[in-house]
Amino acid sequence: MKKYTVYGIPNCDSVRKTLKFLKNQKVDFEFVNYKNHPADLDLVKSFTEQVGWQPILNKRGTTWRKLSDDEKLELNSSESVEKFLSENNSAIKRPIVVSDLEIVAVGFDQEKFDAYHW
(Lines give C-alpha, C1' and ligand atoms only; values in the text may rest on other atoms or scores of the structure.)
Protein backbone atom coordinates (compact mmCIF):
# COMPACT_ATOMS: atom_id res chain seq x y z
CA MET A 1 0.00 0.00 0.00
CA LYS A 2 1.38 3.37 -1.01
CA LYS A 3 1.81 6.16 1.49
CA TYR A 4 1.08 9.70 0.41
CA THR A 5 2.12 13.11 1.70
CA VAL A 6 -0.20 16.07 1.30
CA TYR A 7 1.40 19.52 1.49
CA GLY A 8 -0.71 22.60 2.21
CA ILE A 9 -2.45 24.60 4.89
CA PRO A 10 -5.49 23.32 6.79
CA ASN A 11 -7.77 26.31 6.18
CA CYS A 12 -7.53 26.02 2.36
CA ASP A 13 -10.71 24.71 0.70
CA SER A 14 -8.77 22.62 -1.84
CA VAL A 15 -6.72 21.04 0.92
CA ARG A 16 -9.83 20.26 2.95
CA LYS A 17 -11.47 18.64 -0.10
CA THR A 18 -8.34 16.58 -0.71
CA LEU A 19 -8.05 15.41 2.90
CA LYS A 20 -11.74 14.49 2.99
CA PHE A 21 -11.42 12.60 -0.30
CA LEU A 22 -8.37 10.65 0.89
CA LYS A 23 -10.01 9.79 4.22
CA ASN A 24 -13.15 8.57 2.42
CA GLN A 25 -10.99 6.43 0.13
CA LYS A 26 -9.11 5.10 3.19
CA VAL A 27 -5.80 6.28 1.72
CA ASP A 28 -2.79 6.24 4.04
CA PHE A 29 -1.39 9.78 4.08
CA GLU A 30 0.53 12.30 6.14
CA PHE A 31 -0.45 15.96 6.11
CA VAL A 32 2.37 18.53 6.15
CA ASN A 33 1.17 21.97 7.21
CA TYR A 34 3.34 24.72 5.69
CA LYS A 35 2.56 26.88 8.74
CA ASN A 36 4.31 24.38 11.05
CA HIS A 37 6.80 22.91 8.55
CA PRO A 38 7.61 25.46 5.86
CA ALA A 39 8.68 24.18 2.44
CA ASP A 40 12.38 24.93 2.09
CA LEU A 41 14.23 25.60 -1.16
CA ASP A 42 15.11 21.92 -1.65
CA LEU A 43 11.47 20.81 -1.38
CA VAL A 44 10.28 23.56 -3.71
CA LYS A 45 12.97 22.56 -6.22
CA SER A 46 11.85 18.94 -6.04
CA PHE A 47 8.33 20.10 -6.95
CA THR A 48 9.38 22.37 -9.81
CA GLU A 49 11.81 19.81 -11.25
CA GLN A 50 8.90 17.40 -11.71
CA VAL A 51 6.17 19.64 -13.12
CA GLY A 52 7.83 23.01 -13.81
CA TRP A 53 7.31 26.17 -11.82
CA GLN A 54 4.16 27.41 -13.57
CA PRO A 55 1.75 24.84 -12.03
CA ILE A 56 3.33 25.31 -8.59
CA LEU A 57 3.02 29.12 -8.48
CA ASN A 58 -0.43 30.10 -7.21
CA LYS A 59 -1.43 33.22 -9.12
CA ARG A 60 -4.94 33.29 -7.63
CA GLY A 61 -3.90 33.90 -4.04
CA THR A 62 -3.42 37.12 -2.13
CA THR A 63 0.35 36.70 -1.94
CA TRP A 64 0.59 36.94 -5.74
CA ARG A 65 -2.00 39.70 -6.03
CA LYS A 66 -0.16 41.86 -3.50
CA LEU A 67 2.99 41.88 -5.64
CA SER A 68 3.69 44.89 -7.82
CA ASP A 69 3.79 44.41 -11.59
CA ASP A 70 7.58 44.80 -11.47
CA GLU A 71 7.88 42.11 -8.79
CA LYS A 72 5.72 39.76 -10.87
CA LEU A 73 7.88 40.37 -13.94
CA GLU A 74 10.98 39.42 -11.95
CA LEU A 75 9.50 35.97 -11.29
CA ASN A 76 10.30 34.62 -14.73
CA SER A 77 12.69 31.73 -14.16
CA SER A 78 12.83 28.55 -12.13
CA GLU A 79 15.48 30.02 -9.85
CA SER A 80 13.59 33.24 -9.07
CA VAL A 81 10.26 31.44 -8.55
CA GLU A 82 11.79 28.69 -6.40
CA LYS A 83 13.43 31.26 -4.13
CA PHE A 84 10.18 33.27 -3.93
CA LEU A 85 8.10 30.17 -3.10
CA SER A 86 10.52 28.94 -0.45
CA GLU A 87 10.22 32.36 1.23
CA ASN A 88 6.45 32.67 0.60
CA ASN A 89 4.87 29.23 1.05
CA SER A 90 1.41 30.76 0.78
CA ALA A 91 2.13 31.28 -2.93
CA ILE A 92 2.52 27.53 -3.52
CA LYS A 93 -0.50 25.98 -5.26
CA ARG A 94 -2.35 23.76 -2.80
CA PRO A 95 -2.42 20.97 -2.15
CA ILE A 96 0.53 19.10 -3.55
CA VAL A 97 0.10 15.34 -3.17
CA VAL A 98 3.26 13.24 -3.31
CA SER A 99 3.89 9.49 -3.28
CA ASP A 100 7.40 8.07 -3.15
CA LEU A 101 8.80 11.56 -3.85
CA GLU A 102 6.72 11.78 -7.05
CA ILE A 103 3.99 14.38 -7.46
CA VAL A 104 0.58 12.79 -7.91
CA ALA A 105 -1.47 16.02 -7.96
CA VAL A 106 -1.17 19.79 -7.78
CA GLY A 107 -4.46 21.25 -6.63
CA PHE A 108 -7.74 19.41 -6.23
CA ASP A 109 -9.46 18.02 -9.33
CA GLN A 110 -12.35 15.67 -8.51
CA GLU A 111 -12.25 13.88 -11.89
CA LYS A 112 -8.50 13.25 -11.72
CA PHE A 113 -8.75 12.13 -8.11
CA ASP A 114 -11.59 9.73 -8.97
CA ALA A 115 -9.60 8.29 -11.89
CA TYR A 116 -6.30 7.87 -10.00
CA HIS A 117 -5.54 4.41 -8.58
CA TRP A 118 -5.02 5.18 -4.92
Separation between [atom1] of [X] and [atom2] of [Y], rounded to the nearest 0.5 Å:
| X | Y | atom1 | atom2 | answer |
| --- | --- | --- | --- | --- |
| C12 | Y34 | SG | OH | 10.0 Å |
| L85 | I56 | CG | CD1 | 8.0 Å |
| K2 | D28 | NZ | CG | 13.0 Å |
| L75 | K59 | CG | NZ | 8.5 Å |
| Y116 | Q25 | OH | CD | 12.5 Å |

Write down the atom of [X], the atom of [Y], and the distance for their closest heavy-atom approach.
| X | Y | value |
| --- | --- | --- |
| N89 | A39 | OD1-N, 2.5 Å |
| G8 | V15 | CA-CG2, 4.0 Å |
| P55 | V106 | O-CG1, 3.5 Å |
| S86 | D40 | CB-C, 3.9 Å |
| T63 | A91 | CG2-CB, 3.9 Å |

Under 30°, 30 to 60°, or over 60°: which ring-plane class applies to Y7 and F47, parallel, tilted or perpendicular?
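Because their plane-to-plane angle is over 60°, the rings of Y7 and F47 count as perpendicular.
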List in chain and number order the residues that pass side-chain contact (heavy atoms from CB on, under 4.5 Å) with N76, two or more places apart in sequence or in another chain; answer none if no residue qualifies.
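With sequence neighbours excluded, N76 shows a side-chain contact (heavy atoms from CB on, under 4.5 Å) to S80, given in chain and number order.
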Using a 4.5 Å cut-off on heavy atoms from C-beta on, say whether the side chain of [Y] contacts that of [X].
| X | Y | answer |
| --- | --- | --- |
| E82 | L41 | yes |
| W64 | N88 | no |
| S14 | P95 | yes |

Cluster overlap [X] with [Y], hydrophobic side-chain contacts below 4.5 Å:
| X | Y | value |
| --- | --- | --- |
| V98 | F29 | no |
| F84 | V44 | yes |
| L43 | V81 | yes |
| W53 | V97 | no |

[X], [atom1]: over 12 other non-hydrogen atoms inside 6.0 angstrom:
| X | atom1 | value |
| --- | --- | --- |
| L73 | CG | yes |
| K35 | NZ | no |
| K72 | NZ | yes |
| E102 | CD | no |

Qualifying residue for ring pair (Phe, Tyr, Trp, His ring centres under 6.0 Å) with Y4, from F21, F31, W118
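Option passing the ring pair (Phe, Tyr, Trp, His ring centres under 6.0 Å) with Y4: W118.
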With sequence neighbours left out, write down each residue that passes side-chain hydrogen bond (donor to acceptor under 3.5 Å, both in side chains) with Q50, or none if nothing qualifies.
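Residues passing side-chain hydrogen bond (donor to acceptor under 3.5 Å, both in side chains) with Q50: none at all.
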Given 3.5 Å as the limit, does a donor-acceptor pair link the side chain of [X] with the main chain of [Y], or not?
| X | Y | result |
| --- | --- | --- |
| N36 | V32 | no |
| N58 | I92 | no |
| R94 | G107 | no |

Salt-bridge contact K83-E87 (side-chain N to carboxylate O under 4.0 Å):
yes
State plainly whether the residues D13 and R16 are in salt-bridge range, i.e. N to O under 4.0 Å.
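Counted as a salt bridge, because a side-chain N and a carboxylate O are separated by less than 4.0 Å.
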Trace of the side chain to side chain contact (heavy atoms under 4.5 Å, CB included) decision for I9 with N33:
CA-CA 5 Å; I9 57 175; N33 182 348; 4.0 Å; yes
S78 and T48 side chains, donor-acceptor separation under 3.5 Å
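No, no side-chain donor-acceptor contact under 3.5 Å.
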